[in-house]
Amino acid sequence: MRFEHWAGQGHRRRFGAAGHPVALISRNGEKLKGLTDSLAAEGVNAGAYPADVTDEKALTSALNTAAEELGRIGVLTYSPSPTFPNVAGQVPDLKALGFTSAAETTAESVRPMFDMLVGGALTATAAVLPGMREARDGALLFTGGTIALTPLPGMANGGIAMAGLRSWARGLHDDPAGEGVYVGHLSIGVPIVPGTGAGDPDALADRWYQLAQARDAFEVTVGF
């Protein structure tokens, strides 16, 4: 079974089409219901499990319930993010999304970014990795953006967290490899907009799927 927090409809369809039941986790229960209905119409077995990834108990409970209802979690994709405009050329209001410049960044401004990008990944991994190790099969897939590799003005607090997630995932990559568990990272440096080539959600989903199948590298970058 595949677990997802946020990665776009392309990811859900790609893994679902490959035969994975899909468990969707997000704070917005109504949105999840619509997504699972859409997937069901495409023949994908999907379930909705509302939870906030910054709430350790709620996220762990959602993952455990998903595993009980849909089967062991064999692939986890973790890619939470603020909702950016999906229109090419449209510039988001970074401050409204919670980002701060380097000079304005404080421990307080970093904390919510860390909790979302790193804390949730740690919680989710702790919940599913033991089962993967026992089965000697699994994949942990983490997604980052430009700021995981390159500092950007106005997004310093997010960069600290996203770079931290990438660094931790890289450190984890070799640890369970001998037990059949793959850890990978996709760095996306282009806007995620349908019909834009490399940034098309379906194209990104296929990159993720192929990397998870090949397991021959820790990371793939798009747009760098």
Side-chain angles (χ1 to χ4, degrees), residues 4-11 25-28 31 50-56 58-59 76-126 140-173 183-201 203-205 207-208 211 217-224:
E4 170 182 295
H5 170 63
W6 177 93
Q9 188 70 0
H11 284 65
I25 296 182
S26 177
R27 290 180 298 180
N28 191 328
K31 180 179 180 181
D52 187 331
V53 299
T54 65
D55 185 329
E56 183 175 355
L59 178 55
L76 179 144
T77 68
Y78 190 86
S79 43
S81 170
T83 302
F84 287 95
N86 63 349
V87 178
Q90 186 171 340
V91 180
D93 184 340
L94 297 178
K95 288 189 176 181
L97 292 171
F99 291 104
T100 58
S101 69
E104 297 170 328
T105 295
T106 63
E108 183 178 358
S109 74
V110 172
R111 193 166 294 113
M113 291 288 179
F114 179 90
D115 289 344
M116 177 179 66
L117 294 168
V118 182
L122 296 174
T123 298
T125 298
L140 302 169
L141 312 177
F142 303 98
T143 304
T146 301
I147 54 177
L149 298 171
T150 305
L152 291 180
M155 302 180 73
N157 58 339
I160 291 172
M162 195 166 286
L165 173 63
R166 177 177 178 268
S167 177
W168 167 75
R170 183 63 188 87
L172 182 64
H173 173 73
V183 180
H185 188 267
L186 180 67
S187 291
I188 303 173
V190 295
I192 303 175
V193 181
T196 56
D200 182 88
L204 292 171
R207 294 292 293 272
W208 247 143
L211 181 62
F218 162 69
E219 183 174 49
V220 166
T221 61
V222 179
F224 291 91

Verify side chain to side chain contact (heavy atoms under 4.5 Å, CB included) between Met155 and Leu94, making sure each step is shown before the conclusion. CA-CA 7 Å; Met155 302 180 73; Leu94 297 178; 3.7 Å; yes
Measure the spacing between CE of Met162 and CG of Asn157 and express it to the nearest 0.5 Å. 10.5 Å
Residues pairing under ring pair (Phe, Tyr, Trp, His ring centres under 6.0 Å) where one sits in residues 143-169, two or more places apart or in two chains, turn out to be Phe142-Trp168
Which heavy-atom pair separates Ala203 from Gly197 by the least distance, and what is that distance? CB-O, 3.5 Å
Side chain to side chain, Ser187 and Glu219, heavy atoms closer than 4.5 Å: yes
Excluding sequence neighbours, so at least two apart, what forms side-chain hydrogen bond (donor to acceptor under 3.5 Å, both in side chains) with Thr150? none
Could you tell me if the side chain of Leu141 sits less than 4.5 Å from the side chain of Trp208, heavy atoms only? yes
I need the minimum non-hydrogen distance between Gly199 and Val190, along with the two atoms involved. CA-CG2, 3.6 Å
Do Thr221 and Leu149 come within less than 4.5 Å of each other through their side chains, counting heavy atoms only? yes
Rounded to the nearest 0.5 Å, what separation is found between the CD1 atom of Ile188 and the OG atom of Ser79? 7.5 Å
Ala156 meets the side chain to side chain contact (heavy atoms under 4.5 Å, CB included) criterion, sequence neighbours left out, with Ala102, Thr105
To the nearest 0.5 Å, atom CG of Leu172 lies from atom OG1 of Thr125 at 6.5 Å
Could you check if a side-chain atom of Pro201 sits within less than 4.5 angstrom of a side-chain atom of Pro194, using non-hydrogen atoms only? yes
Between CD1 on residue Ile147 and CZ on residue Arg166, distance to nearest 0.5 Å: 13.0 Å
What's the spacing between Glu56 CD and Asp115 CG if we round to 0.5 Å? 10.5 Å
Please round to the nearest 0.5 Å and tell me the distance separating atom CG of Leu117 and atom OG1 of Thr143. 11.0 Å
Criterion side chain to side chain donor-acceptor pair (under 3.5 Å) on Thr54 and Asp52, from CA distance to verdict: CA-CA 5 Å; Thr54 65; Asp52 187 331; 2.8 Å; yes
